[in-house]
Number of protein chains: 2
Amino acid sequence: MSQSDRSSAVRVRLVDVARAAGVSKTTVSDALNGAGRLPAATREHVRQVARRLGYRPNATARLLRAGHTRLIGFAAREYVETPWVYAELAYFGQLVTAATRAALTHGYGVVLLPTSGPDDCWLDMPLDGVFVVDPVEGDPMVGDFLAAGIPVVSDRRALAEATGGAGTVGRWIDFDHGGAVRRVLDHLEAAGAERIAVVAGATTACFHQESAAAYRDWCAERGREPSIVCLPGPGLQPTLEAVEELLDGPAPPDALFILVEVNPPLLLEAVRRCGRSVPDDLLLVCTTEDPTALHTDPPISTLSFLPGETAEAAVELLVDSVEGRAGEPGRLFSAELRIRASSAFPATA
Amino acid sequence: MSQSDRSSAVRVRLVDVARAAGVSKTTVSDALNGAGRLPAATREHVRQVARRLGYRPNATARLLRAGHTRLIGFAAREYVETPWVYAELAYFGQLVTAATRAALTHGYGVVLLPTSGPDDCWLDMPLDGVFVVDPVEGDPMVGDFLAAGIPVVSDRRALAEATGGAGTVGRWIDFDHGGAVRRVLDHLEAAGAERIAVVAGATTACFHQESAAAYRDWCAERGREPSIVCLPGPGLQPTLEAVEELLDGPAPPDALFILVEVNPPLLLEAVRRCGRSVPDDLLLVCTTEDPTALHTDPPISTLSFLPGETAEAAVELLVDSVEGRAGEPGRLFSAELRIRASSAFPATA
DNA sequence: TTGAAAGCGCTACCAT
DNA sequence: ATGGTAGCGCTTTCAA
């Protein structure tokens, strides 16, 4: 019954191999890990016995011994109440994808963390470090990990600097959100827009806060009337409805800057339903990572927050922290405005 | 310097708290875990000391003690060479999302596994079980985990039954792919289609294999000429090109059944570019989990493989295995055909 | 060349 | 009511 050998509930341990091979635990360990100075014969013998018995080292025990787990956590905190809804947004999807890939190249695995749960249940996971996206003000998760001496990288510089302090904790990546928004607005203005409306999220994420503020400032500086709709959530339907309302309302805008993730093709369709044509009739810039923005007709200008690059940077900062390397405390990125036909100068100009 | 207290590199251990509080390790453990029969005063005292010192239990040590990790792995094996590209497909995204959510409700965390890497590096992770999606024939990852006595759930019944055997290993979820394909074809035929073309993937995933075979059989039974395009990868552009080629080619089809993930709005746009109109001119069914299929004009009929439900089932099977509960060896699902306007009987009928 | 023994940090048994 | 101690399974130092 070789089958019942293997699937029997009792796992074979190092000491079992040692006994079966008639050697000590040390010898087995050395033989299997290529350590020590064993004669090739002993080594081979031990290996054979180990294989015959179907021995696999216990990962947890090695980790305890090693003092690290090569596991990093990933958490997105914005929608704390409804865990993992955000996974369906292209931005978060790409973020976790890139983080995973980056972690793997550094020899780390990624653990998807719960955003809610019994108290500080996240501390029960054997993590070497954590990447926290969109931490909330005074985030308990961040606090817990830092207090436990587990390095944290977040995407909020201000928050990281407020909490951490010493060398190995509280590093960050971040964006100049206000600057990015102004760049978009300037671009739209240069393209001839006179009434730029903004659709923003109403969450606590600093991204939305800062973006909305920047928009208002920008308008104030020019004596323009701000026209902004704040959405409670990231749903597709509410966003499209908000757009249609704006376009069908009084004093419709001649440019739209969408700050929540929205499906580009469907957005375009909604705009058309309102009898507007992009870009002749309405300039359009979206904050989305959805790759279909490239393939619509016309292609849509986007403001990208570079999930791939930033996740990679975050993981690198984290790994540096974990492995005790000093280094930069954080990295500031610039959102990338990708100008495409939806906001280019009208072809007629 | 309360700050340097907390971030100092040396983590405070249980024994440190015990010493500081003038009690034994046992008392500290009991006090903190609410075990034992300590007087409230002792308990409180110990807790205060622990808090003052910033004590956090070492997760790895507890896990070693506990004999389990409450961590399950998630791996998708189809595109082993280019890890995590698939994360951008709606199907996989929803799969990992649902699996994560389900795992969390059972008190398990999810570890995203590398699909390639130095030999059996995945065994270094302290996992209680693994969910392997699209395992390849004779998958080494599956074999390694089973050999290590770590329960595996995969989405290939045949493979699971070939490998495992005994109670705690090799459970499965699966679909009757052939049946699903035939259901779609029957539906299209009933809706009046006479030339149904299929766009399929060319990967080793049994889904593609079985689907293509079912299509060919179905055609053969009716003496129809099969018209099938096999795509090497999941890219958006190649898929759209294949569709346009089909529609512009000789003997264009009057119905299209797309078996790879494609963006619904863009697909519709491509179809229109070919001068066809859905559904009057061309019936359309897609195998996609992209939620925008609902919002296009017309909405697109889809064949859904229920990533949410199946991931949940997989996690439940896995948790049962891990916790030593006997139970069903697997669960067979039926793909769900969601008929919408894109494949309904022409309105003119 | 090999092995005994000491831990990694924690929990749980069984004395006191 | 409290604490000593054994042990989870492994690696590693050090002595033989």
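Order of the sequence lines sets the chain letters (A, B, ...), proteins ahead of strands, with each chain counted from 1.
- Separating the CZ atom of A:Arg11 from the P atom of D:dC10 is a distance of 8 Å, rounded to the nearest angstrom.
- Sorted by first then second residue, the salt bridge (charged side-chain N to carboxylate O under 4.0 Å, His left out) pairs that include residues 17-27 of chain B, not counting sequence neighbours, are B:Asp16-B:Arg19.
- Following rounding to the nearest Å, A:Arg62 (CZ) and D:dC10 (P) show an atom-to-atom distance of 8 Å.
- Put simply, CG on A:Leu64 is 13 Å from P on D:dT12, counting in whole angstrom units.
- Residues passing the side chain to side chain contact (heavy atoms under 4.5 Å, CB included) test with A:Ala66, sequence neighbours excluded: A:His68.
- Remark: B:Arg331 pairs with no residue by the salt bridge (Lys or Arg N to Asp or Glu O under 4.0 Å) rule, at least two apart or across chains.
- The existence of a salt bridge linking B:Glu161 and B:Arg156 is excluded, since no basic side-chain nitrogen approaches an acidic carboxylate oxygen closer than 4.0 Å.
- Along DNA chain C, the stretch of nucleotides lying under 4.0 Å from any heavy atom of chain B spans, 5' to 3', C:dG9 to C:dC13.
- Taking the side-chain hydrogen bond (donor to acceptor under 3.5 Å, both in side chains) definition, one finds that B:Trp122 meets it with B:Asp144, sequence neighbours left out.
- If you take CG of A:Leu32 and C1' of D:dT12, they are 16 Å apart, rounded to a whole angstrom.
- Between the CG atom of B:Asp174 and the OG atom of B:Ser154 there is a distance of 7.5 Å, given to the nearest 0.5 Å.
- Overall, the helix from C:dT1-D:dA16 to C:dT16-D:dA1 carries an axis bend of 50° between its ends, with five pairs at each end and the value rounded to 10°.
- The side-chain hydrogen bond (donor to acceptor under 3.5 Å, both in side chains) pairs that include a residue from residues 38-50 of chain A number zero, where partners must be two or more places apart or lie in different chains.
- Residues that satisfy the salt bridge (Lys or Arg N to Asp or Glu O under 4.0 Å) test with B:Asp320, not counting sequence neighbours, are B:Arg325.
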For nucleotides 1-5 of chain D, which of its nitrogen or oxygen atoms have a protein nitrogen or oxygen under 3.5 Å away, and what is each distance?
residue: D:dT2; atom: OP2; partner: B:Thr42; partner atom: OG1; Å: 3.1
residue: D:dG3; atom: OP2; partner: B:Ser24; partner atom: N; Å: 3.2
residue: D:dG3; atom: OP2; partner: B:Thr27; partner atom: OG1; Å: 2.8
residue: D:dG4; atom: O6; partner: B:Thr26; partner atom: OG1; Å: 2.5

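- With sequence neighbours left out, the side-chain hydrogen bond (donor to acceptor under 3.5 Å, both in side chains) criterion links B:Glu328 to no other residue.
- B:Thr27 is linked by a side-chain hydrogen bond (donor to acceptor under 3.5 Å, both in side chains) to B:Ser24, counting only residues two or more places apart in sequence or in another chain.
- Across the protein-nucleic acid pair, A:Leu63 atom CG and D:dG9 atom C1' stand 11 Å apart, rounded to whole Å.
- Annotation: salt bridge (charged side-chain N to carboxylate O under 4.0 Å, His left out) contacts involving residues 57-73 of chain A, sequence neighbours excluded, comprise A:Arg62-B:Asp124, A:Arg70-A:Glu323.
- Nucleic acid contact class of B:Arg65 (heavy atoms, under 4.0 Å, all strands): base.
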